[in-house]
Amino acid sequence: MNRHLSLALVWLLVISLLLSACGGAPAESPAPAPGPDAAAPAAGQTVTINYWLWDANQLPAYQKCADDFMAANPNIKVVITQSGWGDYWNNVQTGMVAGTAPDVFTNHLAKYPEFASKGQLVDIQPQVEADGVDLSVYIGQLADLWARDGKRYGLPKDWDTIAIVYNKDAVAAAGVTEEELNNATWDPQTGGTFGELLAKLSVDENGNNGLSPDFNPARVKQYGLIINGAGEAYGQTEWSWLAATTGWRHIDELYATKYNFDDPRFIATIQWLADMMKQGYVMPLEQVTSLGGAAAFNSGLGALHSNGSWMIGEFANNATFPFGFARLPIGPEGRKSMFNGLADSIWVGTKHPNEAWQWVKYAASKACADTVGEFGVVFPAQQSGVDKAVAAYQARGIDVSAFTLQALEPGGTFLFPITDHASEITAIMSPVMQSIFLGQVDAATALPQANAQINALFQ
Amino acid sequence: MATQRSAIALTGEAVRARRPQRRFHPEAFTAFLFILPSLIGFTVFYAAPAVRGLWISFTNWDLLRPPQFVGLSNYVRLFQDGEFWNALGVTVYYVLLNIPLQTLLAIIIAVMMHRLTQSMLIRGLIILPWLMPPVVVGLIWLWLLDPNLGIVNIALKAMGLPMIAFLGLPQWAMPSIAMINIWQYVGYTALLIFAGLQSIPGSVYEAASIDGASETQMFWKVTIPLLRPVLVFVIVTSVIGSFQIFDTIAITTKGGPVNATKVLNWYIYEQAFSRFNMGYATAISIVLFLILIFVSMIQMRILRAGESDL
């Protein structure tokens with residue numbers, strides 16, 4: 001028995017190794033999805049709605065909205081929890097499995113189709129119709145982004161565009177005027193005046209700029225442009241604002257079943273950027289991967305940096321030099337920015353779907369948009385909120401017109417490419433884009449292969 | 001040390017399994033009572049979930065919808081999955097970068113501690129990196145090694161050397177991570193070996209020196225052979241730990257650049273929680289589990305884990 005026992009123990013011991021490989025105990029069977037009328041609260045009883053968001057900058061603004069909402073609805077208590085982007089999605093997913101996900105949570109366009117297709121989001125179209133919510137108040141096509149096949153998974157609360165943030169000292173030192181910067185032209189073959197500007201704004205340790213024959217691309221003190229990384233499959237702040245000016249789009253329509261990463265216009269754009277990194281005009285990928293582009297820009301390592309409107313506060317708080325926002329360069333088909341927005345979704349596991357809907361409706365209302373706008377942290381999805389946000393930024397001495405003009409320009413924006421298989425597509429594209437920017441492969445070789453792999457996912 | 005010793009003896013017995021069958025011993029029951037509490041915890045928190053994990057590996061569970069049985073198809077897919085083979089290769093590469101150097105440094109540090117100092121302060125300082133949470137270690141090194149802002153590159157620059165993107169280039173990323181983990185774990189490993197050194201009786205060294213053995217001869221002919229059971233324990237556990245590297249990578253490189261640090265555990269995590277393929281991820285962890293059993297058994301056989309020369 002002794003021997004048998006110890007043998008058994010040995011096996012139990014080795015099995016335990018499996019656990020650490022497994023990454024945790026598997027959860028119980030998926031949470032039951034109660035119908036819309038499940039567990040209606042008794043009159044006079046206070047209902048608690050748990051609401052999650054990831055942006056710490058927006059927390060005070062939405063807390064104010066929640067306070068106003070609770071004052072008007074004394075029987076509903078909104079409890080807001082904020083966690084960083086990475087943890088946020090883990091918490092939401094594991095919460096859905098374990099039955100502890102929040103009643104309402106801030107959702108992202110890259111994430112919601114997977115949740116919706118796995119039956120985790122409440123279709124709010126019936127409530128939208130019953131309560132007569134006017135979807136036309138939302139700027140542009142923001143409301144359409146959250147609908148699919150007659151179902152609706154969120155009401156828009158904000159939007160963002162891309163612009164160029166620039167170091168005023170560095171630009172002035174190179175003798176570049178703000179007019180030049182705001183009217184730069186670009187095309188993937190020659191790089192246009194934008195390409196020239198990047199060379200002019202790049203300075204090596206000996207003080208030579210990128211136009212000088214003595215410029216040393218291995219010892220660059222200040223890069224012309226910093227981008228955030230390789231951009232995975234979307235390149236929202238990295239390359240979509242260049243590629244889209246050629247007329248290229250990730251996909252031909254929302255929920256397309258085919259991607260366009262093999263398009264020659266896209267290949268030419270990506271190769272142009274990769275070449276600029278090699279020449280020392282754009283900060284090489286290996287230098288931005290650890291800490292990100294904004295940290296490098298805030299430390300004065302670049303003259304220009306492309307980023308989204310949600311980062312305005314980040315620069316205001318952390319830049320060690322005067323900065324401004326410039327318009328995107330004008331490509332063959334004009335200026336183009338990705339137009340993205342967040343919305344609040346209701347989880348199917350909520351015990352209080354009616355109260356959750358009340359909160360979603362309020363968070364996407366004019367009242368809340370105006371409140372959020374006054375905090376000047378993000379552009380709300382309704383015009384009155386945007387006006388308030390612009391005023392709030394102005395009061396802090398920040399001119400954000402590069403973002404708002406881009407949003408207002410006819411044809412100036414294109415939508416975030418929403419399709420199925422988003423996480424698999426990201427997994428395929430990330431290493432491919434990295435190896436192109438690191439100079440390991442040519443865009444023309446790698447991208448068509450990756451695109452074929454992606455399109456095969458839809459077969 | 002006592003528990004580690006018994007763990008070695010225990011696993012050693014399973015490998016060799018050549019002791020004669022013993023009769024029931026009344027003490028066995030008492031012994032069983034002693035291990036019962038940990039056995040219950042083990043069954044509830046380890047064994048049962050592990051068996052469940054085995055079941056999940058035969059399903060297509062995507063975390064959110066009910067799992068469906070798919071037989072061996074996860075395992076078939078695994079053999080055709082280039083990303084899996086890449087992850088396996090990257091993991092083995094990491095183990096080879098990590099273990100030999102870490103063990104060698106640990107032996108040197110342990111012998112120095114044994115021979116040169118009795119100071120508790122120094123012993124404490126040596127395990128200090130091990131006391132830090134791995135996440136903190138990862139973050140500290142992420143900043144230290146940053147090409148733009150990190151102090152390591154500022155030092156390189158001051159010496160006139162070119163800047164190196166330690167964690168940003170595929171050829172540098174894995175060696176950098178191996179270095180970070182050696183830095184973190186070498187003190188702990190040295191401490192284990194140091195404890196083993198202390199258990200070697202001084203009389204053996206006395207006898208050796210009476211026989212005229214030099215310091216070097218004593219190291220190779222006395223210290224190393226008598227240290228072997230402890231070394232086996234250290235190597236087997238650190239190889240297992242090394243195969244399961246995750247936290248440093250999760251903080252610093254997240255599997256990049258270009259999959260250069262996408263080790264098995266990161267790939268399992270990615271498949272399970274980013275790509276919603278829990279069934280497939282579990283199949284990979286079962287394979288990792290089998291690999292670890294196999295590697296551990298080979299190590300114990302080669303290093304004669306069940307025997308002691310003392």
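We use all heavy atoms of the structure for the numbers below, so side chains are in, but hydrogens, waters and symmetry mates are not. Here is the naming used below: chain letters follow the sequence lines, and residue numbers restart at 1 for every chain.
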Exercise. Is the distance between the ring centroids of A:Phe297 and A:Tyr223 less than 6.0 Å?
Worked result: no
Exercise. Which region of A:Leu291, side chain (C-beta onward) or backbone (N, CA, C, O), has a non-hydrogen atom less than 4.5 Å from a non-hydrogen atom of chain B, or is it both or neither?
Worked result: both
Exercise. With ring centroids as reference points, do B:Tyr269 and B:Trp266 lie under 6.0 angstrom apart?
Worked result: yes
Problem set entry | Between B:Phe84 and B:Tyr267, ring centroids under 6.0 Å | no
Exercise. Picking from B:Leu167, B:Asp146, B:Leu145, which has the most non-hydrogen pairs under 4.5 angstrom with chain A?
Worked result: B:Asp146
Problem set entry | Contacting region of A:Ser423 [heavy-atom separation from chain B under 4.5 Å] | both
For this session: Determine, using ring centers only, whether A:Trp89 and B:Phe273 are less than 6.0 Å apart.
Result: no
Exercise. Pick from B:Asn259, B:Val258, B:Ile284: which one has the most heavy-atom pairs with chain A under 4.5 Å?
Worked result: B:Val258
Exercise. What part of B:Asn277 is in contact with chain A, defined as an atom under 4.5 angstrom from a non-hydrogen atom: side chain, backbone, both or neither?
Worked result: side chain
Seminar exercise, completed: Assert top hit (heavy-atom pairs under 4.5 Å, partner chain B, pool A:Ala295, A:Ala296, A:Ser299, A:Ser290) equals A:Ser290
Exercise. Side chain, backbone, both or neither: which part of A:Met433 has an atom under 4.5 Å from a heavy atom of chain B?
Worked result: neither
Exercise. Where on A:Ser435 is there a heavy atom nearer than 4.5 Å to chain B: the side chain, the backbone, both, or neither?
Worked result: both
Problem set entry | Toward chain A, the part of B:Leu169 with a non-hydrogen atom under 4.5 Å | both
Exercise. Do B:Lys254 and B:Glu270 meet the salt-bridge criterion of a basic N to acidic O distance under 4.0 Å?
Worked result: no
Exercise. Any Lys/Arg nitrogen of A:Glu205 or A:Lys221 sitting under 4.0 Å from an Asp/Glu carboxylate oxygen of the other?
Worked result: no
Exercise. Is it the backbone or the side chain of B:Phe246 that comes under 4.5 Å from a heavy atom of chain A, or both, or neither?
Worked result: neither
Problem set entry | Proximity of A:Phe105 and A:Trp347 rings by center, below 6.0 Å | no
